[in-house]
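To keep things clear, I will list the structure first and then write my remarks on it.
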2 protein chains.
Amino acid sequence: MNPNRKQEIINTAAFLFKEKGFNAVSMRDLAGHLHIKAASLYNHISSKQEILAVIVLQIAEEFTAHINLIYPEDLSTTEKLEAIIQNHIAITLKYTNELACMNNDWMHLEANSKNEYRRLLNAYEAKFRAILQEGKDKGEVEDVDLEIVVFSFLTTLRTLYVWYAKKSSVEVETLKKDLPKALLHGLILKDS
Amino acid sequence: MNPNRKQEIINTAAFLFKEKGFNAVSMRDLAGHLHIKAASLYNHISSKQEILAVIVLQIAEEFTAHINLIYPEDLSTTEKLEAIIQNHIAITLKYTNELACMNNDWMHLEANSKNEYRRLLNAYEAKFRAILQEGKDKGEVEDVDLEIVVFSFLTTLRTLYVWYAKKSSVEVETLKKDLPKALLHGLILKDS
DNA sequence: TAGCTCAACTAACAATCGTTAGTTTTGGCA
DNA sequence: TGCCAAAACTAACGATTGTTAGTTGAGCTA
């Protein structure tokens, strides 16, 4: 009933889910990390499923909110894509565990939450695709297959946490500067 | 004892692991899809762990073999990267289930197999990094942070299966042509 | 045809799972 | 200080897990 305690449980769960996967974390594991017994968790949450749903949908809604903000703005395609990249970096840094959990364990949501997640995901991809299409129409974006670009771009952004978790060697500032460069402007020098 | 039957079991397992994740697939599930009882599986395999290890390490070794072949060849950086991209596409098409399983469930390997997997993964990344470094030294590759490029490149290639599974709309030939283009030559026109 | 081997089977095990019911402890407020 | 609610506890449930032991039947070989 104490909302702070509930949040502690969810945060700890997100950490463990990232580490071992939803199904490999038992309620007794989770309780142990909070130094209580499994049954005590149920004073604060209603089920293991609820924990997963909160974690996943919270992050998914954060992404949705941001792209809904950017999408209608009067910016160039490059500027919109830059803003999206920076948002992914920011969320990755702030919600590493939850993001990992969303990417790996959304499939274990029960039907209703899973549908909601899929709805948010599809809406996000659709807006992203529309931004790119606009860029192609304006001649701002290279003539490559749209779906392929949507895929490679979003895949990279979505899994930023994997690599960032193990390489704190790269400074955040370098990331913010060079990731957009790598994604937007390519790898091979044009004159080579 | 019949090796064909063993392979059938492993293939079916790979399909189910991709679909639901290693821990969410029970031996009774797996047996059911083969129209036998769970206990009968143990005439052919020694444990659930063995199935996972075979699936994961088989694919990991295939990637290792290919990069060991490409690495010392007398090719430009662009050509080597192209060859690597084409190999990822080929393996994605041929071993979709196994690849998904490797990416999602390697963490559930027991200690020995997990260490072996990590060893292969690190060796692969190291060779890939070396190829890029060579490209930078020769002035063939843009001056962006090496780790960031390694990451975004490999992430995209590794998760090709996710996107390819749901979009058969994109032709294989388009993929083979436009994915290298997107990864190597960037998105934004240079003169915009 | 007799015998052997492989691959299926039934039955059961100990362990662990998420969750519930009912009880005790704790800490802040009257 | 006594009360009350919040949050911990113990104990247990039914279900499911991976796996083993022992058995049965089918098909090939001698």
Side-chain angles (χ1 to χ4, degrees), chain A residues 1-57 101 104-114, chain B residues 1-57 97 101 104-114 117:
Chain A
M1 218 136 177
N2 178 344
N4 292 345
R5 193 64 170 143
K6 178 167 181 174
Q7 197 58 53
E8 279 184 70
I9 292 173
I10 291 172
N11 291 344
T12 306
F15 170 77
L16 291 172
F17 292 167
K18 182 194 90 177
E19 216 73 1
K20 313 205 282 171
F22 177 72
N23 276 312
V25 177
S26 70
M27 295 303 271
R28 287 166 179 86
D29 279 345
L30 174 55
H33 277 80
L34 292 155
H35 308 106
I36 59 177
K37 301 291 173 181
S40 307
L41 293 168
Y42 290 84
N43 286 319
H44 305 279
I45 51 102
S46 68
S47 68
K48 195 185 178 188
Q49 269 294 327
E50 188 208 351
I51 300 177
L52 182 63
V54 169
I55 292 172
V56 171
L57 293 178
C101 183
N104 300 327
D105 291 325
W106 66 267
M107 54 165 35
H108 300 117
L109 289 168
E110 47 86 50
N112 285 342
S113 306
K114 181 150 46 176
Chain B
M1 218 137 179
N2 177 345
N4 293 344
R5 193 63 169 145
K6 179 166 181 174
Q7 197 56 55
E8 279 184 69
I9 292 172
I10 290 172
N11 291 343
T12 306
F15 170 76
L16 291 173
F17 292 167
K18 182 194 89 178
E19 217 73 1
K20 313 205 281 171
F22 177 73
N23 276 312
V25 176
S26 71
M27 295 304 268
R28 287 164 181 83
D29 280 346
L30 174 55
H33 277 78
L34 291 156
H35 308 105
I36 59 175
K37 302 291 173 180
S40 307
L41 294 168
Y42 290 84
N43 286 318
H44 304 278
I45 53 101
S46 68
S47 68
K48 196 185 178 188
Q49 269 293 327
E50 188 208 353
I51 299 177
L52 183 62
V54 169
I55 293 171
V56 171
L57 294 178
N97 298 333
C101 181
N104 300 326
D105 292 324
W106 66 267
M107 54 166 35
H108 300 118
L109 290 167
E110 46 86 50
N112 283 343
S113 306
K114 182 151 43 176
Y117 170 74

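Note on naming: letters A, B, ... go to the chains in the order of the sequence lines (proteins, then strands), and numbering restarts at 1 for each one. Quick note: numbers below take in every heavy atom, side chains included, and nothing from hydrogens, waters or symmetry partners.
When heavy atoms are screened at a 4.0 angstrom cut-off, B/Arg5 is found touching the sugar-phosphate backbone but no base atom. Counting non-hydrogen atoms under 4.0 angstrom, B/Ser40 reaches a base of the nucleic acid.
Distance, B/Arg28 CZ to D/dA15 P: 14 Å, rounded to whole Å. Computed from coordinates, the A/Glu110 CD to C/dG18 P distance equals 16 Å when rounded to whole Å. The separation between A/Leu30 atom CG and C/dT19 atom P is 11 Å, rounded to whole Å. Between the CE atom of B/Met27 and the P atom of D/dA15 there is a distance of 23 Å, rounded to whole Å. Remark: P of C/dT20 and NZ of A/Lys48 are 15 Å apart, rounded to the nearest angstrom. The distance from atom CD1 of A/Ile36 to atom P of C/dT26 is 15 Å, rounded to the nearest whole Å. As a whole-Å value, the separation of A/Leu41 CG from D/dA7 C1' is 11 Å. When rounded to the nearest whole Å, the span between OH of B/Tyr42 and C1' of C/dC13 equals 13 Å.
You'll find that the side chain of A/Asn2 is closest to D/dA7, out of D/dT19, C/dT19, D/dA7. Side chain of A/Ala39, nearest nucleotide from D/dT19, D/dT10, C/dG18: D/dT10. Of the listed nucleotides (C/dT19, C/dT20, C/dC9), C/dT19 has the atom at the smallest distance from the side chain of A/Ser47.
Heavy-atom nearest nucleotides on DNA chain C were determined for A/Asp29 and for A/Ser46, and the one closer to the 5' end corresponds to A/Asp29. Nearest-nucleotide positions on DNA chain D place A/Lys37 closer to the 5' end than the other of A/Lys37 and B/Phe22.
Between the side chain of A/Asn43 and the base of D/dA6, no donor-acceptor pair of N or O atoms lies under 3.5 Å.
The shortest distance between the side-chain N/O atoms of B/Ser26 and the OP1/OP2 oxygens of D/dT16 is not below 4.0 Å. An OP1 or OP2 oxygen of C/dA8 is reached within less than 4.0 angstrom by a side-chain nitrogen or oxygen of B/His44.
Side-chain atoms of B/Asn23 do not come within 3.5 Å of backbone N or O of A/Asn23 as any donor-acceptor pair. With hydrogens and angles ignored, the 3.5 Å screen pairs no side-chain donor or acceptor of A/Glu110 with any backbone N or O of A/Gln49.
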- Task: Carefully, step by step, assess A/Met27 and A/Tyr42 under the rule side-chain contact (heavy atoms from CB on, under 4.5 Å).
- Result: CA-CA 10 Å; A/Met27 295 303 271; A/Tyr42 290 84; 3.5 Å; yes
- With side-chain contact (heavy atoms from CB on, under 4.5 Å) as the test, would you mind laying out the steps for A/Asn11 and A/Gln7 before giving the verdict? CA-CA 6 Å; A/Asn11 291 344; A/Gln7 197 58 53; 3.2 Å; yes
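For the side-chain contact (heavy atoms from CB on, under 4.5 Å) with B/Arg5, the lone residue among B/Asn43, B/Leu34, B/Leu41 that qualifies is B/Leu34.
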